[in-house]
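Have a look at the structure below, then the notes.
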Number of protein chains: 2
Amino acid sequence: MIQSLDRGLEILFILAEHKSRGVTELAEDLKVNKSTVFRLLDTMKERDLVQQDEVTAKYRLGIGLLHISEGLVKNLDAINISKPTLKQLMDSTKESAHLCTFTNDKVYVVDQVKSNYPMKVSAAIGHEEPIHCSSVGKCILAYLPEEKRNKILDGVRFVAYTEKTKTSKEALVEELKQIRKNGYALDDEELSVGVCCIAAPIYNHKGEVKNCIGISGPSARIHMENIDSYINKLKIAANNISHNMGYRYTK
Amino acid sequence: MIQSLDRGLEILFILAEHKSRGVTELAEDLKVNKSTVFRLLDTMKERDLVQQDEVTAKYRLGIGLLHISEGLVKNLDAINISKPTLKQLMDSTKESAHLCTFTNDKVYVVDQVKSNYPMKVSAAIGHEEPIHCSSVGKCILAYLPEEKRNKILDGVRFVAYTEKTKTSKEALVEELKQIRKNGYALDDEELSVGVCCIAAPIYNHKGEVKNCIGISGPSARIHMENIDSYINKLKIAANNISHNMGYRYTK
DNA sequence: AACAGCGTTGCATAATACGCAATAAAGGAG
DNA sequence: CTCCTTTATTGCGTATTATGCAACGCTGTT
């Protein structure tokens, strides 16, 4: 660990808590000499990570941070982070893998790694998935905050896509409970005859679920007898992505 | 200047530009030994400012940055004070509204309320705007104290972003005079073809202009025939924010 | 199987960050 | 107005510490 860098970073964290703090105060916080703190602040000031109040001469966080964290947000997007894992998931399951996102109260497919099988499921990037009968829709819905979930539930139109589509709100509410308990959501020919999908939630650094991943394949290949091995691989992949998004289970 | 801290910070800035970068690459960027970069990354990893991709072993920015920059945003008075008005401005004009700040002789975008139109202007938070041909740059420049203004003017590089960009110092000086007279600054496709922006100054309690707000939209929607209504709404919003910042016109 | 590239680690040295003490400047108390 | 305290800032010598070198283990490729 590099001491001076670490001390500089600690100053940033301290400044994040206090809207303004002086050299002497910070020196006491870090238990180091004033001059050390001064020089640390000085180099961070050069890069606009901290700025000095013109009146009080104390220091506060600077604009440069916005520049950096904007770069983070741009690159922390779920797509970039999940891409390798998604590919790996397709490799190990041989079925198409998808990443979905919840935006404007709807669930969309935002990325896909297609299966190499001649017969495969291929979703359209940008396609909206029904909330009530797709694995990804139900998965996201299950993990929304209760209030939001109820609001969405009230607006659901229970279109029956197949004979297996469940069209009662009560049944869906019950199933969401199961999903939270099991950690995955299932769509066994509810949306499309002959297609079976499984989805698992992605947690972001705040512990929110705004994304999920899923695998989809012909029910001739994915069926109730062998589904556990798919679920396992899916969950591992989802956990991996959550971790890379900054989610830490123990707080 | 403290070398190791500075190098660590430089890594953060580099990572803000590249979505992921390896130890060796960064060592070449900084022209230092790999081991040095590794140890710098290691100490930043401890604080979640960078994270390592589990698949490629390369590094990218980490969520710790969000924690710090949330602290910044929380404490940046201008952002908090102007947020509601900015939102209102977007509602009434239907175009994206921005807040900018003048720090270290440069103009940065620090907040944004995006338009709901499918076609809209979206600036990057933390992005630096050119002084000589952006509405916000010219606006801030126009209201700087004369001495400061001249100093900045001497350092301007008159890059021509479009065919409409004005590249003479004399023309700019003249325009700044107009801006002060009119109370707003205009960028009609000078920075980006097809984009029209208008900016107005924010006064703080000392009567200084360190911020400005602006609206930006496609020149198909904002053009010279209807611009007066935009200017009106913009000025009202700017005055409102100035007032909330403690500015009292009678001194 | 050999190689090339990567991230990682141990080690010795010299660069460099550190604490001390002095300075300057600003604010408050009498 | 003056003294006194407290602040940020700077020079300097020393010893800590960050650094480059070189070797290691690993992965993937040829």
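The chains referred to below are lettered A, B, ... by the order of the sequence lines, with proteins before strands, and numbering in each begins at 1. Fair warning: this is a prediction, and the values are worked out from it, not measured in the lab.
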Result for side-chain contact (heavy atoms from CB on, under 4.5 Å) between A:S242 and one of A:N204, A:I213, A:I202 points to A:I202
Side chains of A:K45 and A:Q52: donor-acceptor distance under 3.5 Å anywhere? yes
Does a sphere of radius 6.0 Å around CD in A:E17 hold more than 12 heavy atoms from other residues, nucleotides or ligands, not counting ones at 6.0 Å or beyond? yes
Determine the contact category for A:T24: base if any of its heavy atoms lies under 4.0 Å from a base atom, sugar-phosphate if only primed atoms, P, OP1 or OP2 are that close, otherwise nothing. sugar-phosphate
Taking the six-membered ring for Trp, are B:H127 and B:Y108 ring centroids under 6.0 Å apart? no
Between the axis at one end of the helix from C:dA1-D:dT30 to C:dG30-D:dC1 and the axis at the other (five pairs apiece), what's the angle to 10 degrees? 40°
Rounded to the nearest Å, what distance is computed from the CZ atom of residue A:R7 to the C1' atom of nucleotide D:dA18? 13 Å
Among the candidates D:dG20, D:dA18, D:dT9, find the nucleotide nearest to the side-chain atoms of A:Y59. D:dT9
Measuring to OP1 and OP2 of D:dT19, would you say a side-chain N or O of B:N33 lies under 4.0 angstrom away? no
Using atom CD of A:E25 as one end and atom P of D:dT6 as the other, report the distance to the nearest whole Å. 14 Å
Is it the case that more than 12 heavy atoms not belonging to A:K210 sit under 6.0 Å from its NZ atom? no
Taking for each residue the nucleotide of DNA chain D with the nearest heavy atom, is it A:Q3 or A:S35 whose nucleotide lies nearer the 5' end? A:S35
Can you confirm whether the side chains of A:T85 and A:N240 place a donor and an acceptor under 3.5 Å from each other? yes
So what does B:S4 hit on the nucleic acid, given a heavy-atom distance under 4.0 Å: a base, only sugar-phosphate, or nothing? sugar-phosphate
What contact category does B:K34 fall into here, base, sugar-phosphate, or nothing, at under 4.0 angstrom with non-hydrogen atoms? base
Any salt bridge linking B:R60 with B:D53? Criterion: basic side-chain nitrogen under 4.0 Å from a carboxylate oxygen. yes
Covered region of DNA chain C, 5' end to 3' end, by chain B [heavy atoms, under 4.0 Å]: C:dC6 to C:dC18
Rounded to whole Å, please give me the gap between CG in B:L41 and P in D:dA18. 15 Å
So do the side chains of B:K106 and B:E128 get within less than 4.5 Å of each other, counting heavy atoms only? yes
How do A:L40 and B:K45 order along DNA chain C: which one's closest nucleotide is nearer the 5' end? B:K45
Taking the side chain as every heavy atom from C-beta outward, state whether B:F102 and B:I152 have any pair of such atoms under 4.5 Å apart. yes
Return the value, rounded to whole Å, for the distance between atom CG of B:L5 and atom P of D:dT19. 11 Å
Residue whose nearest DNA chain D nucleotide is more 5′ - A:M1 or A:V23: A:V23
Rounded to whole Å, please give me the gap between CD in A:E28 and P in D:dA8. 10 Å
Quickly work out the A:K58 NZ to D:dT6 P distance and round it to whole Å. 14 Å
